[in-house]
Visitor: 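Once you've had a glance at the structure underneath, I'll fire off some questions.
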Amino acid sequence: MPRIIDILNKLDDQATTTVDLPARNGEHYRCKAMLVKKDLPEIELVFPPNSWEEENLLFDDDCHIAVELDGQPINLIAQLHHAAGSRRLHCTAREPIAAESLREYFRVAVNMPIEASYIAGPREVNNKTWKMIGTTIDLCGCGVLAVFAEKPASTHNIQLVMTHPEEETALVCLADVVRTYRIRKNRYQVAFHFNVISGKTRDQVISLCLREQRRHLRDNVELM
């Protein structure tokens, strides 16, 4: 794998990036930014106004940076050091992320239909068979976040069927519910973790994430 400085040298200065910033609450902020080269591997990330609040960031932790190089998305790990004002963060780029490890780092915004269902066994007196239809919000190689009109009636061994117009076959796997959050009446965000997924389906998911990430990176970012 190329050295980090070799990769940074090939990048355009002020390249468009997508950044996952670590937060103190254990979540991540997803932001657009420009990557400005400093004394490599030192870099500065310049964000649109009001992208984050300094007191909420977890400094000295890793942030994950996606940037396009030669028409392909490159995923980097960087250590977040400190803020320089309300729009700039100083980092040290450390290493690239292999495509096969993408599932551990990046969730990519993907909207597509998703069907979640559960078939209760004959001895399951406390569980019922159910099915609900929703829309995905984001996706990675190990899970998916989606919106439904109701809360899942059970949380384990849920069959997920996701259909994307660019995929010849549906993405099918078994998953567990990690958390459910009520947004408003008849509107629930549900996070699933894939626990039974074939290698072929995992590859499909990661390929889809890479394509969507590439599409996002090609969107123009307006830094004012």
Side-chain angles (χ1 to χ4, degrees), residues 18-23 25-31 64 66 72-73 75 97-217 219:
T18 301
V19 185
D20 280 353
L21 295 172
N25 61 3
E27 299 291 335
H28 285 79
Y29 293 113
R30 170 149 300 166
C31 309
H64 309 129
Q72 296 297 323
N75 300 285
I97 304 172
E100 61 269 18
S101 300
L102 181 70
R103 62 182 177 271
E104 300 176 12
Y105 296 99
F106 277 100
R107 303 189 71 91
V108 180
V110 181
N111 298 126
M112 59 181 169
I114 181 172
E115 176 188 290
S117 63
Y118 181 81
I119 299 177
R123 298 183 180 180
E124 293 185 83
V125 295
N126 294 324
N127 288 329
K128 296 182 179 179
T129 297
W130 57 267
K131 180 171 70 174
M132 57 186 190
I133 307 296
T135 303
T136 65
I137 299 174
D138 61 39
L139 177 71
C140 69
C142 62
V144 63
L145 179 66
V147 173
F148 297 92
E150 55 189 316
K151 184 178 179 180
S154 50
T155 59
H156 298 292
N157 294 324
I158 311 301
Q159 178 174 275
L160 301 180
V161 180
M162 296 170 282
T163 54
H164 191 276
E166 295 180 5
E167 295 294 324
E168 294 183 359
T169 59
L171 308 174
V172 182
C173 64
L174 292 180
D176 289 341
V177 175
V178 177
R179 66 181 183 276
T180 301
Y181 176 72
R182 182 179 178 182
I183 306 171
R184 56 184 180 272
K185 186 177 180 181
N186 297 328
R187 193 80 169 167
Y188 293 87
Q189 275 190 7
V190 184
F192 295 95
H193 175 76
F194 304 147
N195 59 7
V196 180
I197 182 170
S198 69
K200 180 180 179 180
T201 301
R202 179 94 68 184
D203 289 344
Q204 281 182 278
V205 170
I206 293 174
S207 295
L208 175 58
C209 288
L210 287 168
R211 290 200 306 272
E212 290 295 328
Q213 186 184 71
R214 184 177 178 181
R215 186 173 294 133
H216 297 329
L217 287 170
D219 291 342

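Values reported hereafter were calculated over all heavy atoms of this structure, with side chains retained and with hydrogens, waters and symmetry mates removed. Quick note: residue numbers are just sequence positions, from 1. All values derive from a computational prediction rather than experimental measurement.
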Visitor: With sequence neighbours excluded, give me every salt bridge (charged side-chain N to carboxylate O under 4.0 Å, His left out) pair touching residues 188-200.
Guide: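 Output for this query is empty, none listed.
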Visitor: Measure across Thr135 and Ile114 and return the closest heavy-atom pair with its distance rounded to 0.1 Å.
Guide: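 Distance-wise, the nearest heavy atoms are N-CG2, 3.7 Å.
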Visitor: Test of understanding: with side chain to side chain donor-acceptor pair (under 3.5 Å), list the residues that count as partners of Thr201, not counting sequence neighbours.
Guide: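 By the side chain to side chain donor-acceptor pair (under 3.5 Å) rule, Thr201 matches Ser198.
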Visitor: Show me the pairs that pass salt bridge (charged side-chain N to carboxylate O under 4.0 Å, His left out) and involve residues 159-181, at least two apart or across chains.
Guide: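 Only Glu166-Arg211, Glu166-Arg215, Glu167-Arg211 qualify under salt bridge (charged side-chain N to carboxylate O under 4.0 Å, His left out).
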Visitor: To the nearest 0.5 angstrom, please state how far the OG1 atom of Thr180 sits from the CZ atom of Arg182.
Guide: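 Thr180 OG1 to Arg182 CZ: 12.5 Å, rounded to 0.5 Å.
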Visitor: Report yes if some heavy atom in the side chain of Val190 is under 4.5 Å from a heavy atom in the side chain of Lys151; otherwise report no.
Guide: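 Answer no - side chains too far apart.
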Visitor: Looking only at heavy atoms, what is the nearest atom pair of Ala120 and Thr129, with distance?
Guide: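 Shortest heavy-atom contact: N-OG1, 3.1 Å.
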Visitor: Name all residues meeting the side chain to side chain donor-acceptor pair (under 3.5 Å) criterion together with Ser154; count only those two or more places apart in sequence or in a different chain, and write none if there are none.
Guide: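 Partners of Ser154 under the side chain to side chain donor-acceptor pair (under 3.5 Å) test: Trp130.
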Visitor: If the condition is side chain to side chain contact (heavy atoms under 4.5 Å, CB included), which residues does Cys31 pass it with, not counting sequence neighbours?
Guide: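 Residues passing side chain to side chain contact (heavy atoms under 4.5 Å, CB included) with Cys31: Leu21, Tyr29, Phe47, Ser51, Trp52.
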Visitor: Do you know which two heavy atoms are closest between Phe192 and Val177, and how far apart they sit?
Guide: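 Closest approach of Phe192 to Val177, heavy atoms only: CE2-CG2, 3.6 Å.
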Visitor: Is Asn111 reaching over with its side chain to a backbone N or O of Thr136, donor-acceptor style, under 3.5 angstrom?
Guide: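 Looks like yes, one N/O pair under 3.5 Å.
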Visitor: Can you list everything that forms a side chain to side chain donor-acceptor pair (under 3.5 Å) with Tyr188? Sequence neighbours excluded, please.
Guide: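 Here no residue qualifies.
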Visitor: Quick one: side chain to side chain contact (heavy atoms under 4.5 Å, CB included) partners of Leu174, sequence neighbours excluded?
Guide: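 Once residues adjacent in sequence are excluded, the partners of Leu174 under the side chain to side chain contact (heavy atoms under 4.5 Å, CB included) criterion are Gln159, Asn195, Val196.
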Visitor: Return the CD1 to CG distance between Ile197 and Leu160, rounded to the nearest 0.5 Å.
Guide: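 That separation rounds to 9.0 Å.
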Visitor: Suppose we screen for side chain to side chain contact (heavy atoms under 4.5 Å, CB included). Which residues come up paired with Glu115, at least two apart in sequence or across chains?
Guide: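 If we apply the side chain to side chain contact (heavy atoms under 4.5 Å, CB included) test to Glu115, skipping adjacent residues, the hits are Ser117, Lys131, Ile133, Val161.
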Visitor: Over all heavy atoms of both residues, which pair between Phe194 and Met162 is shortest? Give the atoms and the distance, please.
Guide: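 Closest pair (atom of Phe194, atom of Met162, distance): CZ-CE, 4.0 Å.
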Visitor: So His164 and Val110, do their side chains get closer than 4.5 Å, heavy atoms only?
Guide: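 Contact flag for Val110/His164 side chains = yes.
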Visitor: Would you tabulate the side-chain donor-acceptor contacts of residues 137-147 under 3.5 Å, counting partners in other chains and residues two or more places apart, or write 'none'?
Guide:
{"unit_1": "Asp138", "atom_1": "OD1", "unit_2": "Arg107", "atom_2": "NE", "d": "2.9"}
{"unit_1": "Asp138", "atom_1": "OD1", "unit_2": "Arg107", "atom_2": "NH2", "d": "3.3"}

Visitor: Find out whether Pro152 and Ile158 are in side-chain contact, i.e. whether some heavy atom of one side chain is under 4.5 Å from a heavy atom of the other.
Guide: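 The answer is no, as the side chains (C-beta and beyond) never meet within the 4.5 Å cut-off.
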Visitor: What's the separation between atom CG in Leu208 and atom CG in Leu171, rounded to the nearest 0.5 Å?
Guide: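 Separation between the atoms: 6.5 Å.
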